[in-house]
Structure formats: C-alpha cells, structure tokens
Amino acid sequence: MSQIILEVDNLVKRFGGLVATDHCTLEVKAGEIHALIGPNGAGKTTLLAQLSGELPSDSGRILFEGKDITALPIHKRVAAGIARSYQITTLFPKLTVLENLALSVQARTGHSFDFLGTVTDETDLLDGALQTAERIGLTDVLNHVVGTLSHGRQRQLELGMAIACKPRLLLLDEPMAGTDPEESQRMGDLLNTLREDHTIVLVEHDMDAVFRLADRISVLVSGRVISSGTADQIRNDPLVIGAYLGDEESDHSGA
Amino acid sequence: MSALLSLENVTTGYGPSQVLYGMSFEVRPGEAASLLGRNGMGKTTTLRAVFGQLPIWSGEIRFLGERINGMPTERIAQMGLALVPEGRQIFPNLSVEENLVAFSANRSASAEPWTLERIYSMFPRLKERASNMGNQLSGGEQQMLAIGRALLTNPHLLVLDEATEGISPLIRREIWNVLGRIKESGQSILVIDKYLKELIRVTDRHTFIEKGRNMWAGDTAMLTDSPELWERYMGV
Amino acid sequence: MNPTPFNASASAQTPFTQGLPGPWTAIFVAVALAIYPLVMSALDQAFYVNLGSRVLIFALAASALNLALGYGGMISLGHAAFLGIGGYVVAVLANNGVYSAWLSFPLAIGLAAATALLIGVVSLRTKGVYFIMITLAFAQVFYYLAISLPEFGGDDGLQLARRSSVPGLDLSSALSFYFFVLFTAGLAFVLLYRLVASRFGRAIVAIRENERRMAAIGYPVFRLKLAAFALSGGLCGLAGALLANASTSITPHTLTWHQSGLLIVMVILGGSGYFWGGLTGAAVYLILEETISDHTEHWNLVLGALLLFIVMAAPNGVMSLRQHLAKRVGGARGHGTAPLAATSHEGEAK
Amino acid sequence: MSYLIIEQVLNGLQYGLMLFLLAAGLTLVFGIMDLINLAHGSLYMIGAFLAAAFFQAIGSFFPALLLAIVFTALIGIILERLLYRHLQRMSHLSQVLATFALILIANETIKMIFGAQPLMIGMPASLSGAIEIVPDELYYPSYRLLIIVVGLMVALGLYLLVNRTRIGMWMRAGASNPDMTAVMGVRIKPLFTFVFALGAALCALAGALLGPLLAVSVGMGESILIPAFEVIVIGGIGSMRGALVGSLLVGMIDTVGKLILTLGLRTLFDSATASTLGPTLASMSVSLLMVAVLYFRPTGLFPARG
C-alpha cells in the first residue's frame, strides 16, 4: 500500500565490546507515526543518532526514499529531508523564539556561506520562522528570549526547530520528556496535526501517548527489533510482553 | 517523636525569580512520605533548598531537630540525609563498586547497617557488574546503583527525586518493589514522583504542592478516597 | 506584537544583535581616526602618530581574533602564529629585494589564511581545553622554525631596509604610513562588519551558542568554523604585514605564546563578541602600556593585577564584562546571581 | 656510540620524570578541578627560587629542598583559597586570562625580589660523583640517578593514591561531578585545596631537584610549561597513567631526538648549524607528536572522562 520511506537494513553500532545496535532491521512507511519503544538501554537513542547521522554506523545500510544515506554527514541528511529533535531540550537559550526558528529556516534555504549580505532585510527567513511558530503555537512569544520560557514551551520549540527544516521524515526523541500530563496532552495533539506533512519516528516512554498516537510500533530490545506492528498486535505479542511491558496491563498508567 | 525533616514556610528561588512561596511539610521517623505535584511547581527546588544548594530567603528547615538553613551541602549530607537524584548522576569514572564504597558510612549509627553485601543481594545485577565503570551501565542499572550508593551512607532519611523517570515499565516495577522492601526495613523515605498509582503502594503520607506552596496533605487512604485531588493537582 | 526580530531595535538584545555598530557610530569612529594624526602632526608629536598606527594594527589583529574567539567561540592561543607569518613574509621578501606591497601583502594574507586553514583542519576536530592547547602547540612549531632557520634570522629576527612600497605613496613618513594603515585596516573592518552581520556571521554565533543543534538543523558546522578560523588567520596575517612595516623589523617574539595571550587580553579588554572589541581593546592596552611604562619598569605587574581584577570582577566570566560595566555605569540594579537574567535587558537599550 | 645513546636514554628518562612531576599536578588540577592553570610553571619557578634561597641561607641541599616544597605548597594553598576556588566555576577563557595574569605577576615579583640574574643551587657533595654502570665504559652522574629514582617513586605513590585510596575515589568523583560529590557528603573544598597543594608541592620538588642542573631563572616556568601541557594533552587530561606515558614519550623524543637529529643533520649541514637546528627540531617534533595524537585521538591517548 503506502510506500516505504525509511529502510534500516542490518545496521550495527558497537561501543568497544558493547553492541548497541545489533543488526537492526526496520521499515517505516511514508505518512505514518512509527513509535520505537523498548527498555532502557535497548539502543533507541543510539539508533536515532545513527539515523540522523550523528553517529557513524559500523555496518549495515540506511535507505531513505530509496537512496543509500548511510555515509552521508548530518547536514546532507537534513538537506535530503530528515530532521531530529532531542530528548534533552537543545535550543539557543539566549536567542528569541523567532531567531531560533529563523536559524532552522536559514539552514534549509542555504546561503550560510554568503559572507557579505546583511540579514536585516531578508524576509524569507522571517516568513518561514513565522509559519513554523504558528504551527507549533508559539506566536504569542515570538520575541521572547527562549531561556525565559517554560519547560513545556521549550519542548514545543524543540519540535519546531526540526519542523522548520521542512523534513519529510521527523525523528523525535521523547518529545514528552519531563512534561506534565497537561503539556504532554498538548504535545500529543500537536504531533497529530503533523502527520499530514511528515512521517514521524517517535521514541517515547509515555506508553499512553505511544498507543494513542502511533500507527505502528516497533519494539527494540538489545539493539534489535523484536516485533513490529499495530498497537493491538504489539500489546498482544507474547515476546513483547515478556521483554518489556510486563504481564500487568495496568502498567502504562502514570503520566 | 518529633519530625525527622520539617520545612516551615520556606521561600526561595533562583536569582530574582521566586519559586517557593511558603513551603511547609514534614517527614516523620520510619515513614515513607511523598511530595506530589505537576512539573514546575517547585518539587525539585524544595529538594535543592533542603540540601543546601539554594539560599533560603525565609522560613526554616530542620533536620533531626537541628536548623540546617545555610549549612553547606556536605554537612547536611553527613548528618544523614541521602539523595537519589533526578538523572541518577552516577560517577562515570568510578567503577560500580567504587561508586558504592567511596561514600559508605554509618551516618545514622544503625545497629543493622546497610553493607555492600546487602546491597549486592538486593541488586544482584550490580554485583555482576561490580568492576564496570559507571558509564557502562544501562539506565535501570544506574538507578539501582544510585539507590545503593545512597543507602550505603546509612542515612536517617533517603530522598528519591523522580527515581523512575525514563525507566522502562518493567524495571520501574522492580524499583518500586525494592523501595517497598527498603521501607519495610525501617528506613525513612521521601519520594518525589509522578507515577501516582505506583507511588501510593509504597508511601504512607502525601503532600501536594502547587505554585511553590503545600496545598494538601494526608495519608494514603484519604488520597485514594478523593480522586478529585488527583485531577486537581496532577491533571490525571 | 510586530515581529522585527533581526533589528537592533527589537525588544531584547540577543547575541545576534549585541555590539553591532550603527552607521553614525561607524562614521564618527572613522572621522575621529582620520583627524587624530592630523592634530598630532600639527602639534609635532610624531610619536603619537606612530602609536596610533600601532593601535590600528593591533586593533586589526585583535578584531581578527575576535572573529574566531568572540564570535565563533574558538579560544585560540596560537594567533601569534598568523601575525608572525604575515610579518615574516614581508621581511623575507624584503630581504630578497622584493618591497612591493602589491606582492607581499596578498602573499602575507594568503599564507596566513592557508596556514590557519591547515591548523583549523586538525585542531577543530578537538574541543575545549584540547583546542586551546593544540593551537598553542602549532604556534610553538612556527616559533621554533623562526628561531632555528638561518633564513629567518634566528633569535634576532629580520630587519627591513625600508617599508614596503606602494605606488604613489611614500610610507616612510609617520603620517603617510598612518593613513596607509588606516585605509587597509578600514577596509578590513568593513569586511569584518559585513561578515558578522551576514548569514554567515549569524551561523557562526549560533554555532558558538549550540554547536550540536546547528549540526542537527543542517549546518555544515565544521566547514563554517573552518572558514571563520581561516578568515581570522588571514586578517591577522595582514596585521602582521603591517606590523613588520611599522617597526621595519620582525622578531621571533611576535610568534611567542605570550603574544597570543596579549591578543586575547586585548579582545577581552575591549569586549569579546562586540564589533568594536578589538579596536577598543588594542587602544586601551597600548595606551596603558605607554603611560604606565613611563612611570615604572614593572608594567607587567600592573597588567597582571589589572587582568586579575577584570576577570574576578566579572562574576559570570569575562564575556559578560561589557554588560556588567554597562549596568554599573547605567546605575541600574545591583547584580543578582541569576543564571537566566534575560528579562532585564531593557536597561541596555539606548 | 651505543653508550652515548644509553646515556641519552637515561637523560630522557630523567627529563621525562621531571616533566611528569609537573604534568601530574597539572593533569590533576585540570582533570579534577576542570581548571586550566597556565601558571603551573610559575609554581615550579617559585619552588626553584625558594630552594635556591634556602640553600644560600642554610647551605645544605636536602633541608632546602624540603623547605621549598613546604613553602610552595603553602603558596599553592593560599592561591587556591584566594583565586583558583573562584576561577574554577568560570569559563576556560577566564581561567586562561587569570592564570596568564598570574604568570606576569609571578615573573615580575621574582624579578623584584631576586633580581634578573640566575641563581645557582649547589649539588649535595655525596651525590656529585658518577656511578659506573658499565665498567670503564659508561658512567652516569649519581645525582641524575637520584632524580630518576625519586621520579619513579612519586609516580608509583600517585598511582596508588588516585586508584587505591578513598581520597583518590573522591578526587575522581569530584572531577566528574562536584555537586553530586558534595551531596554524597564529601567536603569538596578541602579536597580541591589538597589536590592543589599536592600539585604545587610536586612543582617545587621538580624545580628544586633540577636546580643544580639548570640555572634558576625567571621564565624557567614558561619554558617547561609548554612541554608539560603537551604531555597531558597527549596522555589525556585527567589521566595519571596518561601523564606518565606522555612524560616519558616527550622526554625521550626531546632528548634522544635531539641527539639523533643533530647527528643526522651533520651529514647535511655544517656542525654549528646542525647543533642549533637539532634541538629546535626536536622540540618541534614534540609539538607535532601532540598534533598527530590529537588528530587521531581528539581526547588524548588515555581519555579520563567518560
């Protein structure tokens, strides 16, 4: 039916003796929200870093829209249409919201080696930044310095930084991390509105959010995908229950 | 007997911005207390104030009956207050065993102190990895190590800040079970967490905080009887 | 709210907008620098004209370093190498009978920039303390080269029989040399202004603020830093070429890490990451040195004490010295220890 | 010829171990307090001058050495209390500037007190002879052997201190996370003071031991500072093992390299040129070694921080 946008084929990453990603194989379909769950230390963050290009892979391949991107540096992957967000908010705290977003837009439109043009009169950056601000609901704080915003709002901007790159594939590392239930709900709604334009790979610990949002889920254990499928399939997969969820259904409570 | 730790009308904040607007609560000997509230309401700031990492603007903090406002962090710790911090903060360049023994002491002069053997028997995983460096552990193992490290100082009061944040459900349950056992051994505990359902299985008394103030306090029975409180202070 | 994010008049001063001069300031500075030597000449004070030339030369060198250190956050303890390379190019050419500035200056800039490019390729792979140390080590290599090769005159360095020749201009007089320096440095300042106000400049500052995020949103971080480092080295090479002309000599002392340290001192004195930082710092440093050396032979003691005071008086590190002073002078509120005191920026707007 | 090389290897060992005394303190202060101390060489200079002054006053080497160590450690403690404690939380740039300022102040002060002329320290008479290593072929000065023995003992002691004692664990814990170390109940400030005093004492030991071999002069700190920095960068900042390996590597390259380069260059140049070129090229190759190490391992040979 829908086409495969990202294909991970036998990917490996070793840290010394530790195999963090162990011949991992994964397919993500265009247009879906694909959640990546697994116990701590299963290698989710490592896999995400390999997909975004921050960590080189030892062997295996990553295909994006049919092209082999395994060896591409980060900035070329962003140009190809992949952007990521971080679990720990990674912004420019001294800059304003608009300046933060404009940086993302500038990366996409190029010209960063344009040494001599001044930026004061460039409306393309501004338009792109404003557009993104509107999508993530930060229009009321455009000129606020980011460091003064609440944690929840910084999480929104964290997402916005990736969206402003206009990627076709978004890699989100625990967008709900450290948010309270209300903020978490708002973030979930926001992710829902993004599915029209982006394919999303979502790493998340908040099981409620995962089961609510994800079209398909892959379970990662010890650097390998042990199961992929819809929320119902995953819930009932004995392999997954043993390795991760536990046998008590009530567990995905809390947040 | 009087309270182990008590806060009375504590106000503090960071630079010019105030976070706590009069926090009061107490932990009694032998009990497991909890501090509940949404993000940004001042839970971690309260802990920082207790551990002497923030200057207190007004109010009073007492530990073992002694006023500890303005005391340096290490003296408060030496009196027998131990922390399992948010983010675990394992020393990456010490081995697992060194992380445990480097700070071991009997600060509460316990007749039946926590020893390396007891910690290892509670967390066999740590024994297997005794010679690994702290940064070679998984998140769950680091959490166990952080708990063991704090217990080995034999504190009067063990404080756990978001001890199950970012831990997979299975390990989370294991940690709650261990906390239950620690409490049964007579150790006083103060827990900060947002996983309410699991938390109330272990703890006896609860304080909700909102906007830097304590808003409600009561025991577990009172809390389970009033679900509207959950809605109001936790948004669940 | 009307968003005007990239103007200095926007609600908050952010690292993108701080320290960028308005047109009137620039014109005022240019006019003042042009009038200064005329006044001094009229008063028959050639010494002060020469001092002015030296200030401008070191202003250029410090501003070049400011691009890498202040804007780019690359703490280089090896910029003396580029200064020295520029100077030695001019001196070696002169000793071989080549005096044409048209030849020696571009070569000085080019060689310094190329060296900076090479050093950058290696050292920008490292971070923090390691970067500081590796730039220092590279500079030492050039220092050892200069003192050991007979072609470079060893410990004594090289003498120039006369200054470089520029068609239609006689650089031998203090006044004409001053204007030559002013013109050259002025061009460099215009270039630097365009650099820091461009998309490139914003990218460099943003990399300083958060390198990881810049990579994640698609910037070729390494190449951008390398470009800034090479440009910085090239401009420092130009300063070196001028410096060799100013004193008609070059010694290995120009290549010492002491000299690299002094360049950093100038940047910090003037304001790291501020456009006029290099100029202010060089002026303050050289004028202080001249005045104090007149009274005591222990100038270094005074300088050391002054530096210590400055570092200690700026509680959030020297980067904030400017804001700190601005607040003190503005009579604004006493300093809190707020790590995120970003809300109190109104007081700084003009 | 081969004895000449053995002698130079011993000299390299001796120079390397003296570098280690400096590098050990530097790497501890660097690694544990996260502090760049450009003025570390100044403590070495101060130690040497104090040893010379005490030697002139009492005329006996070992008591002078001991006094110099004690007083330099005291100066270290005072500096740590007054200055470094505050610098520690500041940026690397501030640290570079402040310790650069300290160098200027120290040099100028020493010049004011002792004048610009180099001082001499007499060698203890009992050690002024040479020891026969290979009968009739190879003699080596006993004083230099003493330096080698002391260096090796200090290296062993430091290794045990850092890796086998509780204080060592605290030092490493404090290096990675001082706040958490305090929360665990460790008095972190006295610990840092101790580390700093230890570093200063090692500086003084090196300065005083080298006094009889070198001229004690202003600026001697800076000339040894750069190789000491190169050592800890090559070895990996904060790593005691790295400091030892780096020191020996740098000591050997500098000393043996000098000999080989000078001999090699004689085949190309006249001997005067070769003897000036050889030593500088050897110094240069140390810098280049550091560059090469950092190119392949950007955090040094034995990175300490996980």
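First the proteins, then the strands, lettered A, B, ... as listed; each starts at 1.
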Quiz prompt | Nearest atoms (heavy-atom pairs only) where A/A162 meets C/R213 | solution =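 For A/A162 versus C/R213, the nearest heavy atoms are N-NH1, 4.5 Å.
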Quiz item: What closest approach, in Å, do C/A216 and A/V78 show between heavy atoms, and which atom pair accounts for it?
Solution: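 Answer, listing the atom of C/A216 first, then A/V78: O-CG2, 3.3 Å.
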Quiz item: To the nearest 0.5 Å, how far apart are CD in C/E209 and CD in A/E99?
Solution: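 Those atoms lie 10.5 Å apart.
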Quiz item: OG1/A/T90 to CD1/C/I217 distance, rounded to the nearest 0.5 angstrom?
Solution: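 A/T90 OG1 to C/I217 CD1: 11.0 Å, rounded to 0.5 Å.
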Quiz prompt | Main-chain N/O of A/L91 paired to C/N210 side chain as donor or acceptor, under 3.5 Å | solution =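 A pair under 3.5 Å: yes.
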Quiz item: Can you check whether A/L103 reaches C/Y219 side chain to side chain, under 4.5 Å on heavy atoms?
Solution: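 Yes, at least one pair of side-chain atoms sits under 4.5 Å.
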Quiz item: Is A/L125 close to C/R199 at the side-chain level, that is, under 4.5 Å between some pair of heavy atoms?
Solution: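 Yes, their side chains come closer than 4.5 Å.
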Quiz item: Among all residues two or more places apart in sequence or in another chain, which pass the side-chain contact (heavy atoms from CB on, under 4.5 Å) test with A/A49?
Solution: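 For A/A49, the residues satisfying side-chain contact (heavy atoms from CB on, under 4.5 Å) (neighbours in sequence not counted) are A/E54, A/L55, A/R84.
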Quiz item: When only heavy atoms count and the cut-off is under 4.5 Å, which of residues 57-77 of chain A reach chain C?
Solution: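 The stretch touches chain C at A/I74, A/H75.
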Self-check item: Partner chain A: residue of C/A206, C/A203, C/A215 with the largest heavy-atom pair count (under 4.5 Å)
Solution: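 That would be C/A206.
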Practice problem: Could you look at A/S52 and say if it's the side chain, the backbone, both or neither that has a heavy atom under 4.5 Å from chain C? | Solution: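 Contact with chain C: none, neither part.
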